[in-house]
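Convention: sequence-line order gives letters A, B, ...; per-chain numbering from 1.
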Amino acid sequence: EDQVTQSPEALRLQEGESSSLNCSYTVSGLRGLFWYRQDPGKGPEFLFTLYSAGEEKEKERLKATLTKKESFLHITAPKPEDSATYLCAVQARGGSEKLVFGKGTKLTVNP
Amino acid sequence: NAGVMQNPRHLVRRRGQEARLRCSPMKGHSHVYWYRQLPEEGLKFMVYLQKENIIDESGMPKERFSAEFPKEGPSILRIQQVVRGDSAAYFCASSPREQGASLNIQYFGAGTRLSVL
């Protein structure tokens with residue numbers, strides 16, 4: 001069964017304090033790995049998709065990387081507006097296009 | 001370009017009533033997915049539909065739940081005889097399913113929060 005585990009569950013940072021979020025996965029053939037951001041009371045907002053090990057993508061203060069077993073979301077010099085829950089999801093090859101999500105990492109950035 | 005539209009945003013039902021959740025995909029998107037988010041749990045896949053077809057319903061509870069995506073109009077997730085355990089946030093996502101694309105990104109709506117009294 002495809003599975004996604006995110007750590008830590010919660011992370012508190014001071015503004016400007018860089019860190020990384022982890023997403024470990026097991027999947028029967030990875031088709032793609034997705035990162036989303038979710039603010040309270042809202043739906044997930046798409047950030048990145050990664051297809052193969054070694055791939056990296058960047059957007060403002062965020063950079064996502066992928067290996068064969070895990071993905072990292074690196075946050076450089078975060079700001080309070082980066083506070084949100086970050087969700088990782090995988091999609092397996094073949095068959096349905098369903099996403100399997102982790103429980104998320106709740107990030108709080110204090111000014 | 002409007003995003004994925006879900007309504008209502010909040011829905012309150014008493015035990016035994018029916019709940020109908022609506023989802024209008026983004027313009028040009030023909031694929032719809034429904035997910036459920038229980039308190040303290042991650043998003044769980046329920047069903048994947050194309051126009052007039054259910055492609056994958058492996059995440060749907062066997063009883064009381066059904067989904068449709070008619071040729072005209074929004075996708076509907078229907079829950080009959082609701083129970084307290086159905087209280088959750090229900091999210092709809094849509095994707096364009098572009099031909100030749102290796103992967104289709106799913107874009108999510110704001111969700112419907114169902115409360116069962």
Exercise. Where on B:Gln37 is there a heavy atom nearer than 4.5 Å to chain A: the side chain, the backbone, both, or neither?
Worked result: side chain
Problem set entry | Part of B:Leu43 within contact of chain A (heavy atom distance under 4.5 Å) | both
Exercise. B:Arg84 and B:Asp86: salt bridge (charged side-chain N to carboxylate O under 4.0 Å, His left out), yes or no, with the steps?
Worked result: CA-CA 5 Å; B:Arg84 288 210 173 123; B:Asp86 297 332; over 6 Å; no
For this session: Look at A:Gly104, A:Pro44, A:Gly43 and state which one has the largest set of heavy-atom pairs under 4.5 Å with chain B.
Result: A:Pro44
Exercise. Considering residues, nucleotides and ligands other than A:Arg61, do more than 12 of their heavy atoms fall under 6.0 Å from its CZ?
Worked result: yes
Problem set entry | chain B contact via A:Lys42 - side chain, backbone, both or neither, heavy atoms under 4.5 Å | backbone
Exercise. Is it true that the side chains of A:Ser20 and A:His74 contain a donor and an acceptor less than 3.5 Å apart?
Worked result: yes
Exercise. Are the ring centres of A:Phe34 and A:Phe101 closer than 6.0 Å?
Worked result: no
For this session: Determine, stepwise, if the pair B:Gln81 / B:Glu63 fulfils side-chain contact (heavy atoms from CB on, under 4.5 Å).
Result: CA-CA 10 Å; B:Gln81 299 175 339; B:Glu63 297 177 349; over 6 Å; no
For this session: Under 4.5 Å, counting heavy-atom pairs only, tell me which of A:Glu9, A:Lys103, A:Gln6 racks up the most with chain B.
Result: A:Lys103
